[in-house]
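Accompanying notes for the structure given below.
Letters A, B, ... are given to chains in the order of the sequence lines, protein chains preceding strands, and every chain is numbered from 1. Here the structure is a predicted model, which means the values were calculated and not measured.
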Amino acid sequence: MEQPENISMWVEKYRPKTLDEVVDLKSVVESLKAFLKTPKTMPHLLFAGMPGTGKTTIALCIARQLFGSSWRTFTLELNASDERGIKIVRERIKDFARYTRGAFGNIPYVIIILDESDQMTRQAQTALRRIMETSSNTCRFMLICNYSSKIIEPIQSRCAVFRFSMLDKENMVEHLGYISGKENVSLLPDAAEAIVEYSEGDLRRAINALQTASAYTKTKTVDKKAVLRVIGEASPKKVQLMLNKALGSDFVEARRMMYELMGQYGLSGSDIIRQVHREIFKVSHLTTEEKAELANIIGEYDFRLVEGANDDIQLSALLAQFSKFGKLREAGN
Amino acid sequence: MKDELMWVEKYRPKRIAEIVGNEEAKVSFVEWLRSNRWRKKAALLYGPPGVGKSALVHAAANELNFKIIEMNASDIRTEKAIGKIAGPATTFVALDKFSANTEGSLLFLDEVDGIFGVQDRGGVGAILKIFAQKKGRKEKKTKERKEIQGSQIPVVLAANDPDLRKLRPLRKVCHLIRFRKVRIPLIVVLLQKICLMEHVTAGFEALEAIARNSGGDVRSAINDLQTLSEGGEALRVQDVASLHPRNRSFDFADTLKGVFSAKSSQEAMSVLNSTTIDFDSLVLSIHDNLPLRCKDPVELGVAYDLLSKADVFRGRIGLENWRLLKYFFSLISQATTVSSQPFQPFDFIFPPMRIIALFWTKGKRVTLEALCAKIGARCHVSRRSAKLDFVPFIKAILKEDKSAPLGAWFQLDDKEMGHLMNMGRL
Amino acid sequence: MQVLNRKSFKLPFVGKDKFVRLTRVGLGYDGGSFHVRDNNNVEKIVDIISDVLGEKVSFFQTCVLCGQDFLCSGCRHQDLCPTKDLPLQCICENCRATPKLYDQYVKNLGSGKLASTELR
């Protein structure tokens with residue numbers, strides 16, 4: 001087991017180890033604690049919520065509290081977006097269940113944490129449902145997703161569903177304050193404010209930003225300047241550039257950059273679209289209405305991306321819509 | 001579109017006799033399949049597209065009770081892949097003989113021209129190897145050799161290349177069956193039948209004009225007939241004038257030029273009907289070249305929207321819903337004819353940008369994925385999330401504080417560290 | 001112009017070399033007359049025979065519907081026909097006007113009439 005001081009990423013170092021350490025999410029924690037008292041009664045769990053709201057943390061806490069120090073042996077962490085197809089998921093679950101069978105006795109079941117499960121297609125989810133059924137004697141699933149609506153009904157009805165709401169400002173500042181205190185760094189209020197605003201309710205992002213900002217200061221004081229530097233450094237510059245080219249009606253250049261993002265960084269169509277969606281709201285020369293209109297277009301193409309055969313065509317089509325928008329806007333002015 | 005199905009699908013021949021033209025080839029093929037000659041040689045059906053090569057294989061298999069194991073040679077290009085499927089099939093499918101309703105299986109490799117490119121020499125070897133036992137028998141007369149001589153199931157190859165030069169290595173191990181363009185009166189006969197079935201009123205001369213225009217390609221003639229009768233009105237000779245004349249063969253440049261220079265979407269559709277290029281390459285090529293045809297961003301936006309919808313249909317077609325193909329074609333032909341500007345010839349982008357973009361950067365991507373997998377494992381996130389939410393921060397910290405023990409904690413090797421520090425920003 | 005019947009025709013003495021070439025490209029010989037055995041390379045057969053005879057050679061066409069032999073010279077599609085004058089199946093001018101041609105065509109082929117006896 002790694003000692004806390006050896007952990008270099010703060011997100012891991014300060015990840016709560018037990019449910020008691022989880023300060024927010026009171027209602028979720030209380031019901032889960034009840035399950036832990038009589039582990040046999042715990043159903044499959046479905047955690048839904050935006051990134052960085054504590055879903056994985058809670059899942060890991062449960063595993064730790066069920067299995068103690070040997071929790072890693074009895075927990076299989078899978079990530080739907082990393083696995084190639086449901087067949088491989090099925091194989092890994094089967095192997096895992098077989099491998100741990102010998103160790104049963106004082107353990108009621110093993111735990112399978114399936115992260116980003118809403119990334120799975122409907123067919124894959126149907127197959128997953130079957131896996132959940134056939135292995136329900138030996139396994140408990142903890143499914144983690146952003147949107148529970150993207151999980152098929154039969155799976156939802158087999159799970160206790162917990163919704164994780166976004167952390168509010170005060171909680172976020174409190175967390176950041178706690179961590180900087182432990183790290184002997186003083187976090188100035190306006191710096192904390194800037195991190196909170198940047199992280200959009202994602203605590204993981206916020207902590208990563210805090211750690212990076214503190215690496216930037218020699219004086220152990222994180223000020224707003226350091227935070228802004230982090231934001232500048234970590235912002236997806238290529239995506240912004242691509243967006244600006246498209247809005248400036250230079251489609252060919254924008255598409256070239258899109259291929260660069262896909263080629264060099266291996267970003268998928270939905271990765272890029274998500275980034276584009278985030279960045280569109282930061283484009284300074286657009287009005288709120290215009291941003292809303294573009295966000296609508298993004299939504300349409302995000303939908304087609306799921307249905308279509310070709311990421312590059314859908315993304316290029318989106319960039320072409322931006323070029324068209326830019327051109328019409330220019331003509332209107 | 002008034003019909004659910006493409007007529008070429010709807011009227012796909014079920015029996016050998018339903019295929020028009022190429023009588024001699026049909027006889028030759030059936031003889032080969034019924035005798036035991038298929039043990040010693042594969043059949044190679046060669047000839048121009050759309051004249052019934054694969055229709056014959058399917059109809060014959062249907063009538064003579066063969067189960068077809070079909071491989072599209074353009075999907076599986078390497079020797080290994082062919083060997084994996086074709087090799088075992090010829091040696092193990094003997095088991096099938098015990099099943100009651102089928103005489104056995106038949107291995108069908110369509111479009112073998114695709115595997116004879118310079119980079120794919122291995123593909124020839126794979127097909128040759130299936131029949132290599134014959135040679136082996138002469139060289140070594142060992143018992144095992146004798147037992148496996150010849151193929152256990154018929155192997156049929158089909159090639160679009162009308163001349164055999166490219167396929168030379170195969171000639172020795174194949175029974176050659178040549179297909180020719182179908183004669184005009186025979187095409188007319190089939191078109192008449194379809195008109196009757198579809199309740200299309202068409203003048204004899206109009207049908208003759210379609211058949212003449214088809215250049216002996218039955219498939220494209222049927223497609224043209226369907227395109228022209230979409231309007232629901234009686235078909236006259238002058239309607240046929242809007243068709244794009246069929247060239248001998250439509251390669252990439254011909255097809256792209258055809259669809260981009262078409263003056264109406266119907267004309268573009270008729271080009272699409274006659275192309276032999278597979279849809280996925282076609283749609284990617286149109287995507288690559290569309291901005292060169294539509295220079296105006298507003299027109300380009302409209303055209304790309306149509307192309308995007310076409311791609312959605314492509315997604316729905318998947319591997320089986322071929323009845324949606326016509327919507328796919330229709331949307332593409334609309335997309336390529338959006339521009340109001342007259343067509344100016346330009347140099348087509350080829351090969352696809354996607355392939356170039358992904359080819360040159362493969363090494364970088366592999367390293368990045370490996371590095372993200374390590375971060376993901378440590379921080380309980382997916383590789384994708386590691387890439388987007390962790391890599392930028394980790395890089396920034398390491399840039400500022402080289403002594404930070406992050407690399408060691410994530411167990412990154414030197415190559416991964418180097419890549420992380422030198423990679424450009426997202 | 002000499003017109004030949006694909007099932008049987010006679011040729012003057014062709015010499016050993018040409019005879020070997022002809023049989024190799026698909027001509028059959030039964031001791032007295034020649035016939036087209038393999039259609040794959042009929043263009044070459046025509047070339048060689050034309051060379052032997054010193055004049056252009058064409059073959060009779062066989063109508064898939066009525067079985068009559070006829071010539072391409074009367075056909076209005078010969079301008080576009082890539083297999084003009086080759087010994088292949090077609091439909092004669094008279095039969096082209098017949099209603100329900102296709103059904104008849106399928107029936108003829110299916111029942112093994114004409115050249116496709118081997119089919120059934």
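Annotation: residues 21-41 of chain C contacts chain B through C:Asn39, C:Asn40, C:Asn41 [non-hydrogen atoms, separation under 4.5 Å]. Within residues 8-16 of chain C, no residue has any heavy atom under 4.5 Å from a heavy atom of chain B. Residues of residues 70-83 of chain C that come closer than 4.5 Å to chain B, counting heavy atoms only, are C:Arg76, C:His77, C:Asp79, C:Leu80, C:Cys81, C:Pro82, C:Thr83, ordered by residue number. Of all residues in residues 46-61 of chain C, those placing a non-hydrogen atom less than 4.5 angstrom from a non-hydrogen atom of chain B are C:Gln61.
Closest heavy-atom contact between B:Val20 and C:Tyr105: CA-OH, 3.3 Å.
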Could you go through the side chain to side chain contact (heavy atoms under 4.5 Å, CB included) check for C:Leu109 and B:Lys26 one step at a time? CA-CA 10 Å; C:Leu109 293 190; B:Lys26 282 148 71 178; 3.5 Å; yes
Go through it in stages, so that I can follow the logic: the residues are C:Lys100 and B:Val189, the test is side chain to side chain contact (heavy atoms under 4.5 Å, CB included), and I'd like the CA-CA distance, side-chain angles, deciding distance and then a yes or no. CA-CA 8 Å; C:Lys100 307 237 170 166; B:Val189 167; over 6 Å; no
Can B:Leu186 and C:Ile91 be said to form a side chain to side chain contact (heavy atoms under 4.5 Å, CB included), step by step? CA-CA 7 Å; B:Leu186 294 169; C:Ile91 298 175; 3.7 Å; yes
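Contact of the C:Leu88 side chain with the B:Glu23 side chain is not registered, since no non-hydrogen atoms from C-beta on lie closer than 4.5 Å.
For B:Arg183, the part lying near chain C is the side chain, with the backbone staying farther off; criterion is any non-hydrogen pair under 4.5 Å. Heavy atoms closer than 4.5 Å to chain C are found in the side chain of B:Phe204, but not in its backbone. For B:Glu18, the parts sitting under 4.5 Å from any heavy atom of chain C are the backbone and the side chain alike.
Here CD of C:Gln89 is found 10.5 Å from CG of B:Asn22. Values are rounded to the nearest 0.5 Å.
Ion pairing between a basic and an acidic side chain is recognised when a charged N comes within 4.0 Å of a carboxylate O; B:Glu24 and C:Arg6 show such pairing.
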